[in-house]
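The structure appears below as structure tokens.
Quick note on labels: first sequence line is chain A, next is B, and so on, each numbered from 1. All values below come from the heavy atoms of this structure, side chains included, with hydrogens, waters and symmetry mates left out. These figures come from a predicted structure and were not determined experimentally.
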Number of protein chains: 2
Amino acid sequence: MIREKKRIFSAFADMKGLRATRQRDLILDVFLSTHQHISVEELYLKVKAANRGIGQATVYRTLKLFVEAGLAREIVLHDGQTRYEHLVAGEHHDHLICTGCNSIIEFENEAIEELQREIAARHGFVIKSHKLELYGLCPSCRN
Amino acid sequence: MIREKKRIFSAFADMKGLRATRQRDLILDVFLSTHQHISVEELYLKVKAANRGIGQATVYRTLKLFVEAGLAREIVLHDGQTRYEHLVAGEHHDHLICTGCNSIIEFENEAIEELQREIAARHGFVIKSHKLELYGLCPSCRN
DNA sequence: AACGATATCGATAATTTTTATCATTAACTC
DNA sequence: GAGTTAATGATAAAAATTATCGATATCGTT
Ligand SMILES: [Mn+2]
Ligand SMILES: [Mn+2]
Ligand SMILES: [Zn+2]
Ligand SMILES: [Zn+2]
């Protein structure tokens, strides 16, 4: 999986005429080693722990490349912080978020997706992307 | 409708012990005269046109009060700009957005809402709010 | 392997949006 | 009307992201 994603980025870089740099390699390694929904600042700190010299502008720039390459998705939740998560090709999911502890549950629902397409079609739109976030309290935060 | 909303805000202010100021009156008047999805900056300019002396911090503060009073909803779309829209008590809608011309179509779909509740229940959540945005191209922007 | 062109980097300034601070002003109570 | 204090407006500050730019590293070509 990780090896595959590295290959994808490498191919993307080739196609776009981008150079292979130590920084991009390292940031991709660290990003792939993390789990879901990491903020730029959090990732920057992790990367800096491995290589003191890396600037945060580079982390910002590189994450945008990952999105462009189809490896990552940018998500902005209720708290306004921009986060990135791994993107699995061909898959999609939405988020159920606890406003108490900020935990996130991912879900997929084809019935909703189909209804979305119907609504869009009714207005002559073709959907390119969508964002569905459900906010509530998880079982442990309800007490 | 407008008179009713002014009454609601007035009652809200009484309840919270807030004072009735010229600024709040004016900002509410201008806000109610606008149509959907206005940014703070846009509203600030409109308000300033009516009364040069008003500060934008007051507009920020007052819009938050409108939300608290149930008169307005804050929405943050793809472009990152925070906007406010009138809220009709007991009603809810989601957004279909054209990424070409930024036009917005509002829709309601009870079937989707029901599916959302089912998904949440499956994870022991009770939904407090949700956000559904469909992004695509409108008929005129598809050419 | 060295060269040359230039993409990329890191530091930092600049932007953008929103919030905090605080002295002054204006509502409300009596 | 006087006193109390919430609210305002100007401005500083914070927070997040983007732009700028000289120095450096990459890479195709020698
Ligand atoms: Mn996710
Ligand atoms: Mn709307
Ligand atoms: Zn929780
Ligand atoms: Zn359009």
Side-chain angles (χ1 to χ4, degrees), chain A residues 6 9-31 37-69 72-84, chain B residues 6 9-31 37-69 72-84:
Chain A
K6 288 176 135 181
F9 185 68
S10 182
F12 168 80
D14 277 0
M15 201 215 343
K16 298 274 285 187
L18 303 179
R19 291 175 179 176
T21 68
R22 312 157 189 290
Q23 289 88 341
R24 284 172 181 163
D25 272 358
L26 175 61
I27 294 170
L28 181 53
D29 272 339
V30 175
F31 178 62
H37 317 125
I38 192 168
S39 72
V40 184
E41 182 66 15
E42 285 165 354
L43 186 64
Y44 168 58
L45 292 177
K46 277 180 185 287
V47 170
K48 204 167 64 169
N51 183 335
R52 192 78 44 94
I54 289 194
Q56 69 182 152
T58 301
V59 177
Y60 273 96
R61 288 186 284 235
T62 306
L63 280 170
K64 286 188 185 300
L65 290 179
F66 292 169
V67 171
E68 216 184 322
R73 176 163 70 137
E74 183 183 307
I75 57 174
V76 182
L77 302 181
H78 227 205
D79 65 359
Q81 270 217 284
T82 300
R83 294 166 188 284
Y84 288 86
Chain B
K6 288 175 136 181
F9 185 67
S10 182
F12 168 80
D14 277 0
M15 201 217 340
K16 298 272 287 186
L18 303 180
R19 292 176 178 175
T21 68
R22 314 159 188 289
Q23 288 89 341
R24 285 172 180 162
D25 273 357
L26 174 61
I27 294 170
L28 182 53
D29 273 339
V30 175
F31 178 62
H37 316 125
I38 192 168
S39 70
V40 184
E41 183 65 17
E42 285 166 354
L43 186 64
Y44 169 58
L45 292 177
K46 278 179 184 287
V47 169
K48 204 168 64 170
N51 182 336
R52 190 77 46 96
I54 288 195
Q56 69 183 152
T58 301
V59 177
Y60 272 96
R61 287 186 284 236
T62 305
L63 280 170
K64 286 188 186 298
L65 290 178
F66 293 169
V67 171
E68 217 184 320
R73 176 162 70 137
E74 182 183 308
I75 58 174
V76 181
L77 303 181
H78 226 207
D79 66 359
Q81 272 217 282
T82 299
R83 293 166 189 284
Y84 288 85

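- One atom, CZ of B/Arg83, and another, P of C/dT18, lie 10 Å apart when rounded to the nearest Å.
- B/Leu65 has its CG atom 12 Å from the P atom of C/dT19, to the nearest Å.
- If you measure from atom CD of A/Gln56 to atom P of C/dG10, you get 11 Å, rounded to the nearest angstrom.
- A search for ring-ring contact (aromatic ring centres under 6.0 Å, His included) contacts involving A/Phe31 returns A/Phe66, A/His86, not counting sequence neighbours.
- Between B/Lys6 and B/Asp29 there is a salt bridge, since at least one side-chain N of the basic residue sits less than 4.0 Å from a carboxylate O of the acidic one.
- Going from atom OH of A/Tyr60 over to atom P of C/dT15 covers 18 Å, rounded to whole Å.
- Within the nucleic acid shown, B/Lys16 has no heavy atom closer than 4.0 Å to any nucleic acid atom.
- Partners of B/Tyr84 under the ring-ring contact (aromatic ring centres under 6.0 Å, His included) rule, at least two apart in sequence or in another chain, do not exist in this structure.
- Between the CZ atom of B/Arg61 and the P atom of C/dT21 there is a distance of 12 Å, rounded to whole Å.
- Minimum heavy-atom separation, B/Gln23 to B/Thr58: CB-CG2, 4.1 Å.
- Sorted by residue number, the members of residues 42-53 of chain A with any non-hydrogen atom under 4.0 Å from DNA chain C read A/Gly53.
- A straight line from CD1 of A/Ile27 to C1' of C/dT8 spans 11 Å, rounded to a whole angstrom.
- Direction of the helix axis in the helix from C/dA1-D/dT30 to C/dC30-D/dG1 shifts by 30° between the two five-pair termini, rounded to 10°.
- In this structure, A/Arg24 has no salt bridge (charged side-chain N to carboxylate O under 4.0 Å, His left out) partners at least two apart in sequence or on a different chain.
- The structure places CG of A/Leu65 at 8.0 Å from NZ of A/Lys16, a figure rounded to the nearest 0.5 Å.
- B/Arg24 comes within contact range of the sugar-phosphate backbone alone, with a heavy-atom separation under 4.0 Å but no base atom that close.
- Phosphate proximity of C/dT19 to B/Lys64: present, with a side-chain N or O under 4.0 Å from OP1 or OP2.
- In terms of heavy atoms, B/Gln81 sits closest to B/Ser39 at NE2-CB, 4.0 Å.
- Rounding to the nearest 0.5 Å gives a distance of 11.5 Å between CG of B/Asp25 and CG of B/Asn51.
- If you take CD of A/Gln81 and P of C/dT18, they are 15 Å apart, rounded to a whole angstrom.
- Residue B/Ile54 contributes atom CD1, which lies 9 Å from atom P of D/dT8 at whole-angstrom precision.
- Residues A/Glu42 and A/Arg83 come closest through the heavy atom pair OE1-NH1, 4.0 Å.
- Taking every heavy atom of both residues into account, B/Tyr44 and B/Gly55 meet most closely at CE1-C, 3.8 Å.
- Of all the heavy atoms in A/Leu28 and A/Phe9, the pair that sits closest is CD2-CB, 3.8 Å.
- Checking A/Leu43, A/Leu45, A/Val30 one by one against A/Val59, the side chain to side chain contact (heavy atoms under 4.5 Å, CB included) holds for a single residue, A/Leu43.
- Taking 4.0 angstrom as the limit, A/Thr58 places none of its side-chain polar atoms (N or O) nearer than this to OP1 or OP2 of C/dT8.
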What string of B, S and - do you get for nucleotides 23-30 of chain D, 5' to 3', when a contact is any protein heavy atom under 4.0 Å? --BBS---
